[in-house]
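The structure appears below as structure tokens.
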Amino acid sequence: MKNFNSNPYIYFTFLIVFIAYLPVIVSSFYSIDDYYLYSLADINSSTLGYNFYSTGRFAQLFFADIFSLFNLQPITRPLGPILFIFSLVYLGKFICSHFNIKKNILYITFICIFCINPFLYEIFSYSIVSIYSAFSIFFITLALKKYLIYLETKKYRHIFLAIIYINLSLFTYQIFLPILVTFLLIKIYIDFSSKKPLHILNHIAFIFLSSLIYYLIIKISFYIVPPNMAYFTSTDLGSFKDVFSINNFLTVAEKNLKFIFLDNPYNSKISNILLISLSFLSLLFSKKVFYLKVIDIAVFIFFIAYFIFFISGFSIFNINLISARFFSAFSFFQFFFVYLLFTNSFYFFSTDQHKKFLKLVMILLLFVNTALVNKLSLDQFRMNSLDKQFINRLVSRLESFDQFNSNATLLIYGHFNFESTSINPKYPKNTISINSFSKVFAINEVSGYNFKNPSPNVLSDNENISKQLKAWPDKNSIIYLDNNLFLIRLN
């Protein structure tokens with residue numbers, strides 16, 4: 001990081017990325033996790049350690065205890081997002097330097113395209129996650145630096161450190177591993193174009209060995225102390241046979257295609273289709289000789305296939321858990337196709353025309369991605385407002401009961417449909433807390449009461465009674481049961 005200021009444009013770049021994410025940096029939004037996390041006295045190994053451990057984030061557990069020791073928990077906005085942005089810019093700077101992108105406006109826009117990824121909004125929206133994501137990104141950057149030094153010097157201490165850094169990244173937050181894999185794939189293409197050594201076997205060995213070490217540590221740890229997942233009912237990620245089956249690959253590809261090539265809260269299909277089409281045309285009508293065009297088009301097709309099947313990273317192990325933050329490599333998706341435009345000029349363009357055209361495409365992408373981030377911020381604000389309004393109405397109804405007790409246990413069945421807003425069921429912009437696992441925590445956060453969550457057995461035992469109630473807002477949608485229990489039917 002001592003060379004962070006080696007290019008003066010880096011500060012301006014950081015400012016642009018900061019402004020793009022400003023709505024979420026300075027907000028007081030709640031995600032569904034926040035309602036639960038803020039109910040804890042502290043975030044450390046004693047309160048949330050079971051979750052950090054069960055998700056294989058041992059380093060995150062360590063950092064949480066350090067922050068708790070200094071009385072800093074929870075580290076949320078604005079510090080967490082700012083450090084996360086800094087880490088992304090730092091990684092973007094390293095990538096541009098390695099790929100020899102150094103010219104002012106191109107340098108700035110390339111880094112901005114890499115950093116302003118609407119799919120990463122989900123990380124910003126979970127207030128405590130961004131600080132750990134920053135550490136994970138820093139570790140990946142350090143790993144890449146050490147690994148590239150190893151390729152030049154063949155000194156084993158560098159590859160040893162690189163593997164350590166990769167595992168620190170995985171043990172902090174695993175979703176960023178696709179960034180490393182995609183970087184190395186793009187590096188192979190660029191090295192091939194530049195007639196440099198490809199190091200393909202080194203790359204494969206580096207990724208495989210790093211992943212294997214992480215996998216073995218997780219397996220051994222879970223064998224000694226079985227995991228206890230916080231929010232998921234199963235820790236089984238599936239056998240390798242099922243994971244690498246044709247059916248699983250096709251299902252993952254279908255989901256990825258919907259995320260990338262359909263309009264959804266995180267994505268503009270037109271911008272992606274336009275970018276891919278233009279990059280393909282730039283290869284087709286470039287000034288290169290025919291056989292080089294054929295090679296470039298073959299590489300283009302390979303990367304399209306790679307992104308379709310692997311852009312969502314670890315979702316391949318459990319397609320039911322796929323969410324926006326799994327698309328951490330989406331930045332490279334756009335980065336790669338912009339790079340093709342950068343290196344392949346249309347034969348009918350002059351050098352000056354090519355530069356202007358490239359700048360226009362990049363600025364358009366930045367505008368679209370920034371607008372999507374702003375749109376997501378507005379949506380989360382609306383969801384939080386609807387949550388609060390509904391909770392106030394619900395609590396007011398509870399208070400009207402003679403048996404009301406601020407420590408009562410709330411048994412809530414069904415989901416409430418807000419008619420004032422439309423939510424795509426496949427790609428919800430933000431999950432409404434009253435329809436999530438954190439519903440009682442959200443009610444407590446808004447009302448100031450201390451209602452209790454029911455045990456799974458209590459919920460199951462009273463489910464038949466709940467089916468006899470009318471749906472909210474009917475006056476008979478809430479009843480009081482013995483033992484300080486309120487039963488609520490939403491629909």
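Taking the six-membered ring where tryptophan is involved, the planes of F327 and F259 are tilted, since the angle between them lies from 30° to 60°. Taking the six-membered ring where tryptophan is involved, the planes of F333 and F307 are perpendicular, since the angle between them exceeds 60° and thus also 30°.
Applying the side chain to side chain donor-acceptor pair (under 3.5 Å) definition to pairs two or more places apart or across chains, those involving residues 333-343 are N272-Q334, Q334-N369. Within the structure, the side chain to side chain donor-acceptor pair (under 3.5 Å) test picks out no pair touching residues 151-168 (sequence neighbours left out). Among residues at least two apart or in separate chains, side chain to side chain donor-acceptor pair (under 3.5 Å) pairs with a member in residues 277-290 are K288-D296, K288-N344. Residue pairs meeting the salt bridge (Lys or Arg N to Asp or Glu O under 4.0 Å) criterion with at least one partner in residues 133-143, sequence neighbours excluded, are absent.
Side-chain contact check for T182 and Y306: at least one donor-acceptor pair (N or O, by modelled atom type) lies under 3.5 Å. The closest side-chain donor-acceptor pair between D34 and S31 falls under 3.5 angstrom.
Legend: residues meeting side-chain contact (heavy atoms from CB on, under 4.5 Å) with K388, ordered by chain and number and at least two apart, are V446. Residues passing the side-chain contact (heavy atoms from CB on, under 4.5 Å) test with F280, sequence neighbours excluded: L284, I297, F300. Residues forming a salt bridge (Lys or Arg N to Asp or Glu O under 4.0 Å) with E122 (at least two apart in sequence, or on another chain): R325. When the side-chain contact (heavy atoms from CB on, under 4.5 Å) test is applied to N247, the partners found at least two apart in sequence or on another chain are S245, T251. Applying the side-chain contact (heavy atoms from CB on, under 4.5 Å) rule to F70 yields the partners I66, L72; only residues at least two apart in sequence or on another chain are considered.
Without hydrogens or angle criteria, S68 side chain to D65 main chain gives no donor-acceptor distance under 3.5 Å. Judged by distance alone, with hydrogens and angles left aside, the side-chain atoms of N264 form a donor-acceptor pair with the main-chain N or O of L262 at under 3.5 Å. The closest donor-acceptor contact from the side chain of S438 to the backbone of I32 lies under 3.5 Å. Judged by distance alone, with hydrogens and angles left aside, the side-chain atoms of N44 form no donor-acceptor pair with the main-chain N or O of A64 at under 3.5 Å. Side chain of Q60 to main chain of F52: no donor-acceptor pair is present (N/O by atom type, distance under 3.5 Å, no hydrogens or angles). With hydrogens and angles ignored, the 3.5 Å screen pairs no side-chain donor or acceptor of T172 with any backbone N or O of S136. A donor-acceptor contact shorter than 3.5 Å is absent between the side chain of R382 and the backbone of S377. Judged purely by atom type and a 3.5 angstrom limit, S328 uses its side chain to pair as donor or acceptor with the backbone of I175.
By the 4.5 Å heavy-atom criterion applied to side chains, Y38 and T76 are counted as neighbours. Under the 4.5 Å side-chain criterion, counting only non-hydrogen atoms from C-beta, N267 is in contact with F330. You'll find the side chain of S133 reaches within 4.5 Å of the side chain of F176, heavy atoms only. Within the 4.5 Å cutoff, no side-chain heavy atoms of F332 are placed close to those of F336. Put simply, the side chain of N374 does not reach to within 4.5 Å of the side chain of Y121, judged on heavy atoms. Looking at L148 and K187, their side chains come closer than 4.5 Å, going by heavy atoms from C-beta outward. Contact of the I10 side chain with the Y107 side chain is registered, since non-hydrogen atoms from C-beta on lie closer than 4.5 Å. Side-chain atoms of F84 and S87, non-hydrogen and from C-beta on, do get closer than 4.5 Å to each other.
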Verdict with reasoning, Y214 to Q174, per side chain to side chain donor-acceptor pair (under 3.5 Å) = CA-CA 10 Å; Y214 173 75; Q174 306 98 322; 2.8 Å; yes

What do the steps show when you test N51 against S54 for side chain to side chain donor-acceptor pair (under 3.5 Å), and what is the final call?
-> CA-CA 5 Å; N51 182 278; S54 299; over 6 Å; no

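The minimum heavy-atom distance between A59 and L168, with the atom names listed, is CB-O, 4.1 Å. A pairwise comparison of heavy atoms in N256 and I308 identifies ND2-O, 2.7 Å as the closest pair. Nearest heavy atom pair, residue R77 against residue S28, reads NH1-C, 4.5 Å.
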Listing, residues 201-209 side-chain donor-acceptor contacts under 3.5 Å, not counting sequence neighbours, or none:
{"residue": "H203", "atom": "ND1", "partner": "Y147", "partner atom": "OH", "Å": "2.6"}
{"residue": "H203", "atom": "ND1", "partner": "H199", "partner atom": "O", "Å": "3.4"}
{"residue": "H203", "atom": "NE2", "partner": "L198", "partner atom": "O", "Å": "3.2"}

Check: residues 353-368 side-chain donor-acceptor pairs under 3.5 Å, at least two apart:
{"residue": "Q353", "atom": "OE1", "partner": "S350", "partner atom": "N", "Å": "2.9"}
{"residue": "Q353", "atom": "OE1", "partner": "S350", "partner atom": "OG", "Å": "3.4"}
{"residue": "H354", "atom": "NE2", "partner": "L341", "partner atom": "O", "Å": "3.2"}
{"residue": "H354", "atom": "NE2", "partner": "F342", "partner atom": "O", "Å": "3.4"}
{"residue": "K356", "atom": "NZ", "partner": "D352", "partner atom": "OD2", "Å": "3.4"}

With a cut-off of 3.5 Å and sequence neighbours excluded, list every side-chain donor-acceptor pair involving residues 18-26.
{"residue": "Y21", "atom": "OH", "partner": "C115", "partner atom": "O", "Å": "2.8"}
{"residue": "Y21", "atom": "OH", "partner": "N117", "partner atom": "N", "Å": "3.0"}
{"residue": "Y21", "atom": "OH", "partner": "N117", "partner atom": "O", "Å": "3.4"}

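Note that the CZ atom of F110 and the CD1 atom of I113 stand 6.5 Å from one another [nearest 0.5 Å]. Remark: F86 CZ to I137 CD1 distance equals 13.0 Å, nearest 0.5 Å. Interatomic distance, S210 OG to L170 CG, rounded to the nearest 0.5 Å: 8.0 Å.
When the shell of 6.0 Å around CZ of F12 is examined, it contains 12 or fewer heavy atoms from other residues, nucleotides or ligands. Within 6.0 Å of CZ in F348 there are more than 12 heavy atoms belonging to other residues, nucleotides or ligands. When the shell of 6.0 Å around CZ of F62 is examined, it contains 12 or fewer heavy atoms from other residues, nucleotides or ligands.
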